[in-house]
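In what follows, a structure is listed as structure tokens, so that the remarks can point back to it.
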Amino acid sequence: MIKTVEELNQKISVCTKCLDDKIKGLDNKRHIVLCGGTGCLSSHSDEIKAKFEEVLKQKGLSDKATVNQVGCFGFCSQGPFVKIYPEDTLYRLVKVDDVEEIVEKDIRNGEIVERLLYVDPATKEKVAKQDEINFYKKQRRVALYGCGVINPENINESLGMGGFQGLRKALSMSQQDVINDILESGLRGRGGGGFPTGRKWQFALNSQGDEKYVVCNGDEGDPGAFMDRSILEGNPLAVIEGMVIAGYAIGAQNGYFYVRAEYPIAVKRLRIAIKQAEEEGLLGDNILGTNFSFRCHLRLGAGAFVCGEETALLNSIEGKRGMPRPRPPFPAVKGLWGKPTIVNNVETLACVPYILRNGAQAFASVGTERSKGTKVFALGGKVNNVGLVEVPMGTTLRELIYDIGGGIPNGKKFKAIQTGGPSGGCLTEEYLDEPIDFDNLVAKGSMMGSGGAIVMDEDNCMVDVAKFYMEFICDESCGKCTPCRIGTKRMLEILTRITEGRGTMEDLAELEQLSDTVKTNSLCALGQTSANPINSTLAHFKDEYLAHIVEKRCPAHVCKKLMTFTIDQDKCIGCGMCAKGCPVGAISRTDYVAPNHKLASMKIDAAKCIKCGACISTCKFKAIEKR
Amino acid sequence: MSLVNIKIEGIPYQVESGLTILEAARKCGYEIPSLCAFNHGECNQGSCRVCLVEATGARGLVASCVYPVSEGMEIRISTPKAIEARRRSVELLLSNHSKDCQQCDKNGSCELLYVAQLTGAREKAYEGVHSETTLDVLAPALIRDTSKCILCGRCIARCQNAHGLSVLGFENRGFNTIVAPAQNRSFQNSPCIQCGQCVSVCPTGALMEKSEIDKVDDALRSGKHVVIQAAPAVRAAIGEEFGYPVGTPTTGKMIAAMRRLGFERVYDVNFGADLTIMEEGTELLGRIKNGGVLPMITSCSPGWINYAECNYADLLPHVSSCKSPHQMQGAIIKSYWAKQNGYDPKEVFVVSVMPCVAKKFEKDRPMMEHDGIRDVDAVITTRELAKMIRRSGIRYDMLPDEDWDQDIMGDYTGAAVIFGVTGGVMEAALRTVYYKLTGKEYGKITFDEVRGHDAGVREATLDINGTKVSVAIASGMKSAKILLDEIRAGKSKYQFIEIMGCPGGCINGGGQPYIRPVFLPHEDDDILDTYKEKRAKALYSEDERQTLRQSHKNPQVIELYEKFLGEPNSHLAHELLHTHYEGREAFR
Amino acid sequence: MAKLQEKAVAQIKEICSRYKNEKTPLMMILSDIQNEYGYIPLEVQELVSAETGISVAEIYGVVTFYSFFSLNPKGKYIIGCCLGTACYVKGAQNVIDKFSEILGIKPGQTTSDGLFTLDALRCIGACGIAPAVSISGTVYPKMSVDKVPAIIKELREKEGAL
Ligand SMILES: Cc1cc2nc3c(=O)[nH]c(=O)nc-3n(C[C@H](O)[C@H](O)[C@H](O)COP(=O)(O)O)c2cc1C
Ligand code: SF4
Ligand code: SF4
Ligand code: SF4
Ligand code: SF4
Ligand code: SF4
Ligand code: SF4
Ligand code: SF4
Ligand code: SF4
Ligand code: FES
Ligand code: FES
Ligand code: FES
């Protein structure tokens, strides 16, 4: 139980030394850490951990090395990861069967297991240390501080990583000074809107209320973004600390975490972290001997994207349907149970301890004129290095996609990058050198959103992508207001017609008009931004729309209804494999035998074909084409 | 109250702070098209997006029904952008709407159709699939047709505010959202008390009373002796359907119209009301004298009876066994009156005109008959009667004032008239009880508000020959519940309680003319707050005009007892005029 | 109210009482019931209504709003195919189509033997290993169409249902 600042200081110095010793190897031990993020757990990092413990014991090395699980390393596509301190050797794509060898060679003999090292795709060189991998070189960890380093289920490691120094500082300041710090840091909300965090807190501080609340938005609905998940999995105490600081600043006594039920590991670690913080007295009554008391509560989402919208989220906590409320009144005036409330994103709150600990200037010195600090992106889609990256604001798209992301796989051509998820837009080749920040992305027709960044290549159909997002929005619309409830359905109907070759030019005009209506008329930002993917694909890829409408053709060969599968009779050797795999028996033999082949070739009956694509993948002779 | 300066279309105004743009604009003489908004925040979803305007200080367009005015705000209603936005919202609504206006009973008072015309919405602007629809016609009094629902939520709010019942709610999500009782069940299998309050706020034809005009037509065609009787509250409101200011009693014209519709006799249910007081007053006296179950609760509101049977079966012994006035009168018409006229009761058809939709349910209750003869055969609402009048080409305003048929049920007292207002039954009963006990007249009873607000619980204490009698009234089940829970807990201090289903009583019944500011351009802008009072006043003034103001003084009632029933609560009276209640399975 | 087993009644009452001190406990109660029973039929909602005083229409509205709550029982194995953006652009549609084909059910449906429910999910935060499929909590990384038959076969064998 930590009751005073002195006690905290003492504890911090013990923990810091302990962690430092471990990382630097001063304790004469080796430390094996495994990634325990969702991605790596799905590739059995749990079993690998158990295996390490078992093998170490077997070989009598248990006192020579420790085994620990940490949060996501960010580079999930190359997981599971095993890292060994103090050398900082990073093994990737590790399997249970590799454990023996790692223990034998590395732990016992200090040799690196070469075959498990990361290979730079460009230079084909093996890289042993994490920091030397291109993926990590340009990154800078503020929100992800501690993730992938500390054991998220052990508060001591968090304290060893600077945890709760921000709160200690905050409690020595006035509420207004804390808010001034946040204002000065230039921190803007990471949940999508980019609203200045300090100003939001100021509103809530100025609001009168016997009770106030802090709500942490961990609903993370943008499909393709998982930074909040990783932060909660990797360093939940940093978010808790951020929340307590926010609570102190605005005068709240209670905080609510609203986390997606789809994130069981994050939920579990958050629970543990709250409990540990309570046990240490860092949550509860009279924190650090002050008269400030604060408690954290946890609420789970139940599968509704719109609950990421702050007023819908409040309704959800209140046990209601997650339908947004009209604003004003804003939550800072009338929020949870009608009391002044601030809603902040996980990543936003994770930045707060950093600002308090290192000073507003340290944060503000990074980034661009109006977007300070760093931003975590979930880089996904058609890019070599898929994962979470945290870069300074102002990094260019090219750096993100090519330097960090390692470019487009399989020699394909880059087509577009979608930022901001279903509310955002796509940016093309010509924007690659644009710096990424809140305002610039908006100026270019997209938005930052929560940081999803999905790369698309020549094989992606942009009309299909627009339809994909519209389908998502249409499914997730809460149904409260007319334009979004009905308008998105109408837009989806039109997009479906276009992708199925039934679209007309009038449809296109109506689509443009509808997107305008839904944008201006909708109640909440879900509807207001729902047409962004349509607008931006229309702006950059009108030719693709026209190809679907006028020529009844999908240039990227994605839209099934517009696709035809044909067999090149001269390439076909007549093996018949394709016919076997066709689920609808659309392939039959002809009586044409190609020169040099023994068997008659096959043909596809276009009327029967359901365009499943099975035949293409079966044919070893590349005789089948889709167009 | 602080004031703020705003501008609408560039013209400066001063309005109260705290108002929404829509309300402020109304006060300044602008009616912004709106659908989901209803009665200052009774329903404030901000969901239909039909009321969009431009306002400084806001990004883009704002929903005027939920956006508050602020100092210096400049509001523009008529910019091309705002006009187009409003039109588009309506067009989208129409694209998922059944649009069979020509067959729709709501046509003529439909706010959606009105707003569509107002905004210039093109019916077929957007086309596409419609969401799945439900037509619920199982319940005796109500029809729900989701193909016409615009999901405004007004009905949900009204049911919740009036009764705390929340029978209706939003279901599903997105394009599949509907408004329905749980699991999209029929009203029949829900906790609904059939009061029709939701109907009275629904802007479209999605919620309607079940019309019985066809039944009445058939009867008129059949050669039967068709008798019509109208409840007190009807006269206080039917004029509104023909353009009279709210609160104008048009009793004489209403009678004339009914006669012209071909009814053989036109009676006032007030006679039945006086009869009810005789029976109910006697029952109360009996209970007080003989140590019967107290408090006794009135029974003339079928909405309340439905609620009691489903939720407070244990308290049914408290409920008076009296039928409601029109049922009593129906029973008398089918017996005494038929005999007097030498008619076979089977050839007599009784139509009741009621402010109420629950009465449609009540008249079908199994107990409402005698020797296989139903007391009442059809119930039409005030609105339905107006429809019949209009349909027949009758110019209501040009009608002469006529009087009720006087033969044997024409007399009534002022006590009966006030049945239509909350507190009226109680007051009427007490006038008689007081007289019976003291031989003196009682002045006006003044009720004090004790709990709740807007038609909450009110109480009064009377001194009758030195005995203090405590009485209370409540309308709307939310208030009634307070009194009922006290009884259940054994803590009720009252001897007599009046409960009415609808907030404010029958003047505000679910079958009364719709109160819609847009359709009432000559009313004050606060008509939604004042209409109940205005209608009540119409009844109170009629009470004051009556020379006879106590039920026991009604000569024809006295005659009825002398010639037919014997005395109040006699055996025959019990057979014809009383009923019993049964606990029913409560749907939640 | 349709019949619920006594044990279930007691347990649901217990779940409701867990959150007695919460201001607005409905979501938590429903989550616990969903986790416990795999679905929340109307009879259960009626019981929750009786315990909490919240009307059934309101509860039903909440249950049908959130996709995590289900009115019908789900299969023993819930196959959740992520159709989030990161997974979609990497071919997740083909993966779910394949599950659909092999199981003979559409997303949202349950096989007649009650073994499998197929669900389309929206991002499970495992985008780094897209396309991701979660089967009753276990995440399968980097799924492809050819891995599907083996997974189903393995689960069926485990259940002795071949
Ligand atoms: C449809 C919709 C979904 C949203 N989803 C999220 C989300 O998943 N996580 C989040 O933090 N904010 C989300 N937001 C933004 C929130 O409404 C809110 O602005 C944010 O949580 C505020 O926190 P911040 O200022 O720290 O960014 C969403 C907004 C909308 C309109
Ligand atoms: S815009 Fe969509 S999500 Fe937002 S309130 Fe309207 S219907 Fe609901
Ligand atoms: S695409 Fe599918 S349906 Fe068409 S021919 Fe090939 S295997 Fe058969
Ligand atoms: S698999 Fe290829 S080569 Fe074999 S029959 Fe089919 S098309 Fe011809
Ligand atoms: S509800 Fe109104 S708009 Fe709809 S069909 Fe009826 S009259 Fe027409
Ligand atoms: S408005 Fe037009 S369509 Fe309708 S009835 Fe009149 S003429 Fe016919
Ligand atoms: S009729 Fe009355 S009780 Fe029934 S749903 Fe409508 S308002 Fe509620
Ligand atoms: S039924 Fe009527 S009042 Fe209720 S939501 Fe639908 S349109 Fe509105
Ligand atoms: S108060 Fe009047 S209108 Fe309302 S339910 Fe009762 S009798 Fe009918
Ligand atoms: S989960 Fe292991 S690197 Fe992301
Ligand atoms: S009337 Fe304002 S949004 Fe419906
Ligand atoms: S998009 Fe599939 S896990 Fe995120």
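- Ionic pairing of A:E220 and C:R122 is not present here: no N-O contact between side-chain nitrogen and carboxylate oxygen is shorter than 4.0 angstrom.
- Checking side-chain atoms of C:K142 against main-chain N and O of A:S77 turns up a donor-acceptor pair under 3.5 Å.
- C:S67 places a side-chain N or O within 3.5 Å of a backbone atom of A:G303 that can act as its donor or acceptor partner.
- Counting heavy-atom pairs closer than 4.5 Å to chain C, the top-ranked of the candidates A:Y469, A:F305, A:F226, A:Y263 is A:F226.
- Enclosure of atom OH in C:Y37 by more than 12 non-hydrogen atoms of other residues, nucleotides or ligands within 6.0 angstrom is indicated.
- The candidate with the highest count of non-hydrogen atom pairs below 4.5 Å against chain A, out of C:P141, C:A130, C:P25, C:S31, is C:P141.
- Proximity to chain C (any heavy atom under 4.5 Å) is restricted, for A:C307, to the side chain, taken from C-beta onward.
- Of all heavy-atom pairs spanning C:C123 and A:G224, the tightest one is SG-N, 3.3 Å.
- Residues from residues 77-97 of chain C that place a non-hydrogen atom less than 4.5 Å from a non-hydrogen atom of chain A comprise C:L83, C:G84, C:T85, C:A86, C:Y88, C:V89, C:K90, C:N94, C:D97, given in numerical order.
- Atom-to-atom distance recorded for A:R299:CZ and C:M27:CE is 9.5 Å, nearest 0.5 angstrom.
- Interatomic distance, CG of C:L30 versus CG of A:L300, reported as 12.5 Å (0.5 Å rounding).
- Within a 6.0 Å sphere centred on NZ of C:K23, other residues, nucleotides and ligands contribute more than 12 heavy atoms.
- How far CD of A:E262 is from CD1 of C:I124: 9.0 Å, rounded to the nearest 0.5 Å.
- Taking SG from A:C40 and CD1 from C:I129, the interatomic distance works out to 8.0 Å, rounded to the nearest 0.5 Å.
- Applying the 6.0 Å contact sphere to CD of C:E14 captures more than 12 heavy atoms from other residues, nucleotides or ligands.
- Proximity to chain A is absent for every atom of C:E58, based on heavy atoms less than 4.5 angstrom apart.
- Counting heavy-atom pairs closer than 4.5 Å to chain C, the top-ranked of the candidates A:G381, A:A261, A:G452, A:A453 is A:G381.
- Within a 6.0 Å radius of NZ in A:K95, other residues, nucleotides and ligands contribute 12 heavy atoms or fewer.
- Both the backbone and the side chain of A:M323 come within contact range of chain C, judged by heavy atoms closer than 4.5 Å.
- Of the atoms belonging to A:A266, not a single heavy atom falls under 4.5 Å from chain C.
- For chain C, the nearby part of A:V306 is the side chain; its heavy atoms alone come within less than 4.5 Å.
- With A:R321 contributing its side chain and C:G61 its backbone, the two residues share a donor-acceptor pair below 3.5 Å.
- Proximity to chain C is limited to the side chain of A:E476, based on heavy atoms less than 4.5 angstrom apart.
- If you take OH on C:Y66 and OG on A:S316, they are separated by 3.0 Å, rounding to the nearest 0.5 Å.
- Residue contact with chain C, scored on non-hydrogen atoms closer than 4.5 Å, is absent for A:D228.
- Heavy-atom pairs under 4.5 Å with chain C were tallied for A:M456, A:Q418, A:K320; the largest tally goes to A:K320.
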